[in-house]
S.K.: 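Provided herewith is a single structure, encoded as structure tokens, for subsequent inquiry.
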Amino acid sequence: MAILALLLAVGVAMTLAGTSGSVLRELGLAVVGGGVVGGAIVVVEAMLVAATSERESRAALMQQISTTLELTGIDLRGQRFAGIYLPSRTLVAANLRGIVLDDAQLYFSNLRHADLSNASGPRGSKFLRA
């Protein structure tokens, strides 16, 4: 980003130093335009990298909980697991604050001492105590 700022500063200086219609002014405008386009590309790339990283983290978490039966003490607060199928999981003392479990299937799962505060289940129902 520092390079883009420098490029924009040089472009603005060139534009201001040149007279109307001069090559220096036109070159300065081109440099400023290139800096703006370059900055937009850098911002879009950063957003795409962040989204990809978030997607990969979510996929790794989903793989972990779908292949592991023993999930005692796992921290899943605020996650969305609508429609997930997790039968016979041990979620003893798990942190499930604010978790969304709409249409989740947790048949025979052990939720003893799990923190389900502000968690929602089917049709927005709230869990009172595990």
Side-chain angles (χ1 to χ4, degrees):
M1 286 304 264
I3 294 172
L4 285 174
L6 179 63
L7 184 66
L8 286 171
V10 168
V12 168
M14 290 170 66
T15 302
L16 295 176
T19 58
S20 181
S22 72
V23 173
L24 184 62
R25 180 177 170 83
E26 294 300 317
L27 183 61
L29 290 172
V31 169
V32 168
V36 169
V37 170
I41 290 172
V42 167
V43 168
V44 169
E45 179 189 16
M47 290 170 47
L48 290 174
V49 166
T52 300
S53 175
E54 185 178 321
R55 223 179 359 261
E56 287 172 354
S57 295
R58 173 84 176 160
L61 175 64
M62 293 301 288
Q63 182 178 7
Q64 177 191 5
I65 66 171
S66 65
T67 58
T68 307
L69 293 175
E70 176 61 45
L71 297 167
T72 297
I74 193 167
D75 185 356
L76 298 174
R77 68 180 149 209
Q79 295 289 328
R80 296 189 54 83
F81 292 116
I84 196 164
Y85 180 70
L86 293 174
S88 303
R89 296 303 190 276
T90 302
L91 293 157
V92 174
N95 184 353
L96 305 176
R97 287 185 201 130
I99 194 168
V100 176
L101 294 168
D102 298 340
D103 300 318
Q105 298 176 32
L106 301 170
Y107 304 116
F108 306 106
S109 290
N110 185 349
L111 294 166
R112 280 182 296 153
H113 307 292
D115 184 355
L116 288 160
S117 20
N118 296 323
S120 67
R123 293 178 212 90
S125 63
K126 299 290 182 189
F127 293 98
L128 298 177
R129 190 158 179 93

S.K.: To the nearest 0.5 Å, what is the distance between OG on S109 and CG on L69?
M.R.: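 Answer rounded to 0.5 Å: 9.0 Å.
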S.K.: Could you pull out all donor-acceptor pairs under 3.5 Å where a side-chain atom in residues 20-43 meets a protein atom, sequence neighbours excluded?
M.R.:
residue : atom : partner : partner atom : Å
S22     : OG   : T19     : N            : 3.2
S22     : OG   : T19     : O            : 2.9
S22     : OG   : R25     : N            : 3.2
R25     : NH1  : T15     : O            : 3.4

S.K.: Is any side-chain heavy atom of L76 closer than 4.5 Å to a side-chain heavy atom of L71?
M.R.: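 Result no, sub-4.5 Å side-chain heavy-atom pair not found.
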S.K.: Hey, quick one: are L116 and V100 part of the same hydrophobic cluster, counting side-chain heavy atoms closer than 4.5 Å, chains of contacts allowed?
M.R.: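 Different hydrophobic clusters.
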S.K.: Rounded at 0.5 Å granularity, tell me how far CZ in R77 sits from CG in L96.
M.R.: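 Here the rounded value is 11.0 Å.
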S.K.: Is it true that L111 and I99 fall in one hydrophobic cluster, defined by side-chain heavy atoms closer than 4.5 Å?
M.R.: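 L111 and I99: one cluster.
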S.K.: Near R80 CZ, under 6.0 Å, is it more than 12 heavy atoms from other residues, nucleotides or ligands?
M.R.: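 Incorrect, the count does not exceed 12.
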S.K.: Could you pull out all donor-acceptor pairs under 3.5 Å where a side-chain atom in residues 84-93 meets a protein atom, sequence neighbours excluded?
M.R.:
residue : atom : partner : partner atom : Å
R89     : NE   : I65     : O            : 3.2
R89     : NE   : T68     : O            : 3.1
R89     : NH1  : P87     : O            : 2.6
R89     : NH2  : S66     : O            : 2.8

S.K.: First locate atom OG1 of T67, then atom CE of M62, and finally report the distance between them rounded to the nearest 0.5 Å.
M.R.: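 Here the rounded value is 11.0 Å.
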S.K.: Quick check: are there more than 12 heavy atoms from other residues, nucleotides or ligands sitting under 6.0 Å from CD1 of I3?
M.R.: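 No.
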S.K.: Keeping S53 on the side-chain end and V49 on the backbone end, is there a donor-acceptor pair under 3.5 Å?
M.R.: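 No, the answer is negative, given that no donor and acceptor are paired below the 3.5 Å cut-off.
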S.K.: Would you say L7 ends up clustered with V12 if hydrophobic residues are merged whenever their side chains have heavy atoms under 4.5 Å apart, either directly or through other cluster members?
M.R.: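 V12 does not cluster with L7.
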S.K.: With sequence neighbours excluded, what pairs up with Q64 under the side chain to side chain donor-acceptor pair (under 3.5 Å) test?
M.R.: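 Q64 satisfies side chain to side chain donor-acceptor pair (under 3.5 Å) with no residue once adjacent residues are dropped.
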